[in-house]
There are 2 protein chains.
Amino acid sequence: MRKTKQREAILDELTKLCTHPSADELYGRVKKRLPRISLGTVYRNLETLSREGVIQRLDTAGSQKRFDADTGDHRHIRCIRCGRIDDLAAGADRARCDARVAKGTGYRVLGRRVEYLGVCPACGRKTGRR
Amino acid sequence: MRKTKQREAILDELTKLCTHPSADELYGRVKKRLPRISLGTVYRNLETLSREGVIQRLDTAGSQKRFDADTGDHRHIRCIRCGRIDDLAAGADRARCDARVAKGTGYRVLGRRVEYLGVCPACGRKTGRR
DNA sequence: TCGATAATAGTAATTATTACTGATAATCTA
DNA sequence: TAGATTATCAGTAATAATTACTATTATCGA
């Protein structure tokens with residue numbers, strides 16, 4: 001994996017953000033630094049970087065994929081209004097749940113994806129508790 | 001919501017399946033009964049039926065949306081090999097987790113999406129435990 | 001420094017889904 | 001029941017996110 005200024009800029013912008021941006025959000029940011037960069041380059045680099053384990057491609061629902069420079073074990077909470085995604089600390093007692101599911105279904109359980117859904121503080125303020 | 005033979009066929013096929021099919025899988029099935037049906041009709045009806053609460057549009061990751069005739073409260077397990085999705089029984093102690101998350105993030109927590117990932121028995125047999 | 005080739009910009013193609021349009025058929029009303 | 005109303009349909013075009021392609025450029029080891 002060669003070191004290019006495009007790749008550096010993409011990784012740098014992603015690392016600065018804690019908003020778990022989509023490819024085109026990131027493209028918008030990086031373009032301010034490298035105006036000639038193409039969207040394809042952003043996609044390709046996000047793919048390469050996540051394949052190499054440098055970043056994480058989030059396995060969330062929604063029409064766009066999202067990326068995270070934090071590759072540690074943590075869950076996310078997503079706002080059903082604005083799509084914002086925030087971090088949660090990792091929880092405990094996973095092994096027990098997985099074992100129960102494996103027994104019940106015959107699947108070999110590799111993990112589970114947990115995403116809380118709610119309304120973020122900003123959206124909550126906008127529409128007064130609703 | 002009018003009763004049309006297209007809508008009936010779509011709902012009937014979805015109800016018969018416990019595989020949580022995507023729109024185009026369902027289209028393939030329904031076309032055997034109504035060869036002139038169009039894919040747009042399938043999409044439109046899945047949208048209408050889920051808006052009316054007759055069926056459920058699953059909030060899972062993956063490039064295609066999936067649908068479920070069972071609108072009861074239950075979770076799913078997805079095979080990372082073939083994409084198959086199976087049902088899990090509903091778990092307990094949710095309120096406690098939600099409260100903890102709400103306190104930690106400031107979100108108003110509405111629910112959470114839990115999807116187990118693993119290898120289904122069929123895929124496990126094919127490649128011998130891996 | 002040079003050459004192999006990974007990576008790029010720009011564009012075209014693909015995939016899933018939604019929107020549009022004129023025709024058809026389900027339901028309502030007289 | 002007939003005729004009017006309009007939801008729904010088939011077929012097609014449009015959109016959005018992503019991936020693939022291609023000729024050119026830039027990285028980096030020898």
Side-chain angles (χ1 to χ4, degrees), chain A residues 1-14 17 19-68 78 82-85, chain B residues 1-14 17 19-68 78 82-85:
Chain A
M1 192 166 57
R2 289 183 181 169
K3 177 173 172 177
T4 67
K5 56 180 177 304
Q6 290 88 344
R7 182 163 294 160
E8 276 187 289
I10 291 165
L11 184 54
D12 184 53
E13 289 295 329
L14 180 60
L17 294 171
T19 58
H20 312 85
S22 61
D24 75 301
E25 275 172 63
L26 218 37
Y27 171 61
R29 300 244 174 193
V30 175
K31 203 156 58 167
K32 289 176 184 165
R33 290 166 59 167
L34 304 172
R36 295 189 56 80
I37 199 170
S38 76
L39 181 56
T41 297
V42 175
Y43 272 107
R44 194 171 359 85
N45 275 288
L46 289 172
E47 159 62 24
T48 303
L49 290 166
S50 60
R51 182 164 26 79
E52 300 283 327
V54 180
I55 66 171
Q56 198 185 354
R57 186 205 299 267
L58 298 189
D59 187 33
T60 62
S63 56
Q64 284 179 292
K65 282 167 189 154
R66 289 167 159 274
F67 299 86
D68 193 344
R78 174 165 57 106
C82 66
R84 178 192 173 97
I85 293 181
Chain B
M1 193 167 55
R2 289 183 181 170
K3 178 173 172 178
T4 66
K5 56 180 178 304
Q6 291 88 343
R7 182 164 294 160
E8 276 188 288
I10 291 165
L11 183 55
D12 184 53
E13 289 296 329
L14 180 59
L17 293 171
T19 57
H20 313 84
S22 61
D24 75 300
E25 274 172 62
L26 217 38
Y27 172 60
R29 300 245 174 193
V30 174
K31 203 155 59 167
K32 288 178 185 165
R33 289 166 59 167
L34 303 172
R36 295 189 57 80
I37 199 171
S38 75
L39 181 57
T41 297
V42 175
Y43 271 106
R44 192 168 4 83
N45 275 288
L46 290 171
E47 159 62 23
T48 303
L49 290 166
S50 59
R51 181 164 29 79
E52 299 283 326
V54 180
I55 67 171
Q56 198 186 353
R57 186 203 300 265
L58 298 190
D59 186 33
T60 62
S63 56
Q64 284 178 292
K65 282 168 189 153
R66 289 166 159 274
F67 299 86
D68 192 344
R78 174 164 55 107
C82 66
R84 178 191 172 100
I85 293 181

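Within every chain, numbering begins at 1; the chains are lettered A, B, ... in the order of the sequence lines, protein sequences first and strands thereafter. Just so it is clear, the model here is predicted, and its values are computed rather than measured. All values below come from the heavy atoms of this structure, side chains included, with hydrogens, waters and symmetry mates left out.
- Contact record, B:Val30 with B:Ile37: CG1-CD1, 3.7 Å, taken as the closest heavy-atom pair.
- Set against C:dA9, C:dT17, C:dA16, the side chain of A:Thr41 has C:dA9 as its closest nucleotide.
- C:dT8 atom P lies 10 Å from atom CG of A:Leu49, rounded to whole Å.
- Rounded to an integer number of Å, the gap from A:Lys3 NZ to C:dT8 P is 14 Å.
- Residue B:Thr4 places at least one side-chain N or O under 4.0 Å from the OP1 or OP2 atom of D:dC9.
- The pair B:Glu47-B:Arg51 meets the salt-bridge criterion, since a charged nitrogen lies less than 4.0 angstrom from a carboxylate oxygen.
- A:Ile37 places its CD1 atom 5 Å from the P atom of C:dA9, with the value rounded to the nearest Å.
- For B:Thr48 and A:Glu47, each mapped to the nucleotide of DNA chain D holding its nearest heavy atom, the one lying further toward the 5' end belongs to B:Thr48.
- Look at CZ on A:Arg44: it is 17 Å from P on C:dA12, rounded to the nearest Å.
- With a 6.0 Å radius and a threshold of 12 heavy atoms from other residues, nucleotides or ligands, A:Arg29 has its CZ atom at or below the threshold.
- Results of the side-chain contact (heavy atoms from CB on, under 4.5 Å) test with A:Ile55 over A:Asn45, A:Thr48, A:Leu46, A:Ile10 single out A:Leu46 as the only residue that passes.
- Nucleic acid contact class of A:Arg7 (heavy atoms, under 4.0 Å, all strands): sugar-phosphate only.
- For the pair B:Tyr27 OH and D:dC9 C1', the interatomic distance rounds to 13 Å; values are reported in whole Å.
- Within the 4.0 Å cut-off from OP1 or OP2 of C:dT17, at least one side-chain nitrogen or oxygen of B:Tyr43 is found.
- At the heavy-atom level, B:Arg2 lies under 4.0 Å from base atoms of the strands shown.
- For A:Leu46 and D:dT18, the CG to P distance is 10 Å, given to the nearest whole Å.
- In this structure, A:Asp24 reaches neither bases nor backbone, as no heavy-atom distance under 4.0 Å exists between it and the strands shown.
- Dashed line: the shortest gap from a side-chain N or O of B:Lys65 to OP1 or OP2 of C:dT18 is under 4.0 Å.
- Closest-nucleotide positions on DNA chain C for B:Lys5 and A:Lys5 were compared, and the one nearer the 5' end corresponds to A:Lys5.
- Among the nucleotides D:dC9, C:dA7, C:dA16, the one closest to any side-chain atom of A:Met1 is C:dA7.
- Distance, A:Arg36 CZ to D:dA26 C1': 15 Å, rounded to whole Å.
- With hydrogens and angles ignored, the 3.5 Å screen pairs a side-chain donor or acceptor of B:Arg66 with a backbone N or O of B:His20.
- When each of B:Arg57 and A:Leu34 is assigned the nucleotide of DNA chain C with its nearest heavy atom, A:Leu34 is the one assigned upstream, toward the 5' end.
- Checking the phosphate oxygens (OP1, OP2) of D:dA26, no side-chain nitrogen or oxygen of A:Gln6 falls inside 4.0 Å.
- Per the geometry, CD belonging to A:Glu52 stands 13 Å off P belonging to C:dA6, to the nearest Å.
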